[in-house]
Amino acid sequence: MSVTHRLTAPAPGWTTDTDVVVVGSGVAGLTVALNVRRAGLRALVVTKAMLDDGSTRWAQGGVAAALGEGDTPEQHLADTLVAGAGLCDGDSVRTLVTEGPDAVRRLIAVGAAFDRGEDGDVLLTREGGHHRNRIAHAGGDATGAEISRALVEAVRRDPGIELIEHALVLDLLTDADGHATGLTLHVMGEGQRDGVGAVRARAVVLATGGMGQVFSATTNPAVSTGDGVALALRAGAVVTDLEFVQFHPTVLWLGPEAEGQQPLVSEAVRGEGAHLVDADGVRFMVGQHELAELAPRDIVAKAITRRMQEHGTDHMYLDGRHFGAGMWQRRFPTILASCRAHGIDPVTEPIPISPAAHHASGGVRTDSRGRTSVPGLYACGEVACTGVHGANRLASNSLLEGLVFAERIAADLAARHAAGDLPERVVDVEAARAARPVPLPAPEARAEIQRLMSRGTGVLRSAASMAATAEGLALLSEQTRAAVAEEKPADPRVETWEAANLLLVADALVTAAAQREETRGCHWREDFPERDDAHWQRHLITTLTASGGPVSTLEEP
């Protein structure tokens with residue numbers, strides 16, 4: 001299998017070599033890099049911004065693991081399966097919950113400092129969908145920042161890990177057998193590695209994070225433009241469950257015109273007892289679910305959206321005034337500061353909130369060792385679909401997934417290296433030249449893609465709304481092709497490459513979501529409001545056709 005589609009880009013002007021190239025510097029990517037180094041392999045980490053600027057640092061809630069007295073992996077498994085609404089891979093979930101506690105302990109050994117009680121034990125709290133206190137947190141609500149700090153420091157101490165910051169990954173390189181042999185990338189800066197270059201490697205690991213920027217309002221940072229999923233699709237890889245995008249129920253509402261990354265108000269705030277209320281102060285989650293405000297995220301997001309529709313408003317409220325100033329400062333200092341920076345004081349007033357795109361449960365399909373359908377290409381973290389999350393991710397399982405499956409990828413690479421199964425490979429230059437170039441949209445297409453996706457394929461979906469989204473995306477593609485035909489193409493640069501990735505990912509997501517005619521997990525169809533296990537308790541597999549368009553097929557039962 002050879003790569004048939006590539007972004008329009010200049011030929012690489014420089015080349016470097018390593019054993020394993022890791023794309024992404026969140027918990028998943030850095031864990032892979034540190035662990036392959038222990039096996040004696042060289043690692044090169046490519047990251048789009050600075051080393052600590054990925055999604056991990058924004059994670060407020062914590063890491064879920066059965067660390068507490070009375071808790072067990074079996075109980076964690078049960079909660080995960082319920083949240084996943086019938087589409088979790090049971091073996092993957094069992095791997096997550098059984099290997100998770102030791103993975104967290106190894107993270108602590110690396111240097112991550114979790115909050116502890118007077119007895120010295122790690123403090124554990126609850127979040128939505130969990131029946132036990134099993135969320136380990138750091139700095140109150142700064143867990144991601146602490147994990148990122150510890151891993152970044154460990155990576156910087158290791159001279160065997162090379163770093164390329166401010167680099168946007170472009171496309172996969174393969175040999176004549178279709179095995180990954182590296183990648184092309186563009187470095188945004190000046191110096192020895194400037195512009196488009198190539199990294200040759202024995203294996204490639206995608207840990208690029210999510211694709212939240214495909215929507216107008218998201219908790220994801222600006223760099224989360226679906227680059228890994230887009231690269232994988234162009235490389236011929238299988239992606240799965242793209243329709244299941246989790247919308248976090250409680251994101252700080254900044255007004256009807258707000259776009260881009262929005263401040264998150266962690267699930268942990270509800271875990272500590274904050275209430276969801278409407279403008280009249282009525283707690284509308286009571287009676288909706290046995291866990292009320294701590295129901296799984298899809299249920300809470302739907303309830304908030306329904307209430308907003310009933311009241312004709314675009315936000316609800318989260319009331320934590322009963323916490324008092326001391327608890328806000330001690331337990332949620334980051335959220336408190338963020339709210340106050342936007343003119344809201346949670347100590348004295350309810351916080352205006354609304355759902356926003358948060359986490360992609362689907363992504364590049366992998367097996368239990370992180371291997372994708374393309375030989376030599378691995379994926380972990382949010383860019384991957386391990387089967388752990390199913391149709392709806394359980395709160396705080398994402399950091400754990402990054403840890404566990406990153407360690408598994410590293411273990412697989414170490415075993416292959418020891419067995420002589422990671423030889424140096426030769427890039428198939430002719431195949432790379434023959435690949436069809438993907439035309440680049442104008443930079444302003446990004447805002448239009450986000451508008452179309454939020455309007456028609458957001459929390460609420462229907463055949464009509466998604467058809468409108470698909471029509472708008474098709475028009476953008478047509479305009480892009482017309483500009484190329486008229487010899488007025490957009491210049492190859494970061495903004496146009498990101499727009500091309502967003503357009504492809506949006507198209508693939510809508511293709512899958514329009515096909516799934518049921519409501520399941522975080523995929524909510526107004527025209528098909530019921531879950532239909534008889535027809536739809538299966539996965540949708542998305543690939544690219546020869547012409548470069550996405551097609552989704554229902555997995556065989």
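Along the sequence shown, residues carry numbers from 1.
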Query raised in the report: Do the two ring centres, one from His359 and one from His389, sit under 6.0 Å apart?
Result: yes
Query raised in the report: Do Gln261 and Asn220 come within less than 4.5 Å of each other through their side chains, counting heavy atoms only?
Result: no
Query raised in the report: Looking at side-chain heavy atoms only, is the closest gap between Glu162 and Arg42 below 4.5 Å?
Result: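 The answer is no, as the side chains (C-beta and beyond) never meet within the 4.5 Å cut-off.
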Query raised in the report: Stepwise, does the side chain to side chain donor-acceptor pair (under 3.5 Å) test hold for Asn501 with Arg234?
Result: CA-CA 10 Å; Asn501 286 338; Arg234 290 193 298 269; 2.9 Å; yes
Closer than 4.0 angstrom, basic N to acidic O: yes or no for [X] and [Y]?
{"X": "Asp102", "Y": "Arg105", "value": "yes"}
{"X": "Lys48", "Y": "Glu498", "value": "yes"}
{"X": "Glu74", "Y": "Arg94", "value": "yes"}
{"X": "Arg408", "Y": "Glu401", "value": "no"}

Query - Over all atoms of both residues, closest heavy-atom pair of Ala113 and Ala138 - result: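 In this case the closest contact between Ala113 and Ala138 is O-CB, 3.4 Å.
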Does the side chain of [X] pick up a donor-acceptor pair with the side chain of [Y] at under 3.5 Å?
{"X": "Arg436", "Y": "His5", "answer": "no"}
{"X": "Ser396", "Y": "Glu127", "answer": "yes"}
{"X": "Arg393", "Y": "Ser398", "answer": "yes"}

Requested in this report: Examine distances only and state if a side-chain atom of Asp175 and a backbone atom of Asp177 form a donor-acceptor pair shorter than 3.5 Å.
Outcome: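 A pair under 3.5 Å: yes.
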**Report entry** Glu555 backbone acceptor or donor facing Arg538 side chain under 3.5 Å
**Finding:**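 Yes, the answer is positive, given that a donor and an acceptor are paired below the 3.5 Å cut-off.
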**Report entry** Sole residue of Arg369, Arg38, Arg106 in salt bridge (charged side-chain N to carboxylate O under 4.0 Å, His left out) with Glu407
**Finding:**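 Among Arg369, Arg38, Arg106, the one that satisfies the salt bridge (charged side-chain N to carboxylate O under 4.0 Å, His left out) with Glu407 is Arg106.
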Query raised in the report: Taking only residues two or more places apart in sequence, or in another chain, which ones meet Glu495 in a side-chain hydrogen bond (donor to acceptor under 3.5 Å, both in side chains)?
Result: Arg493
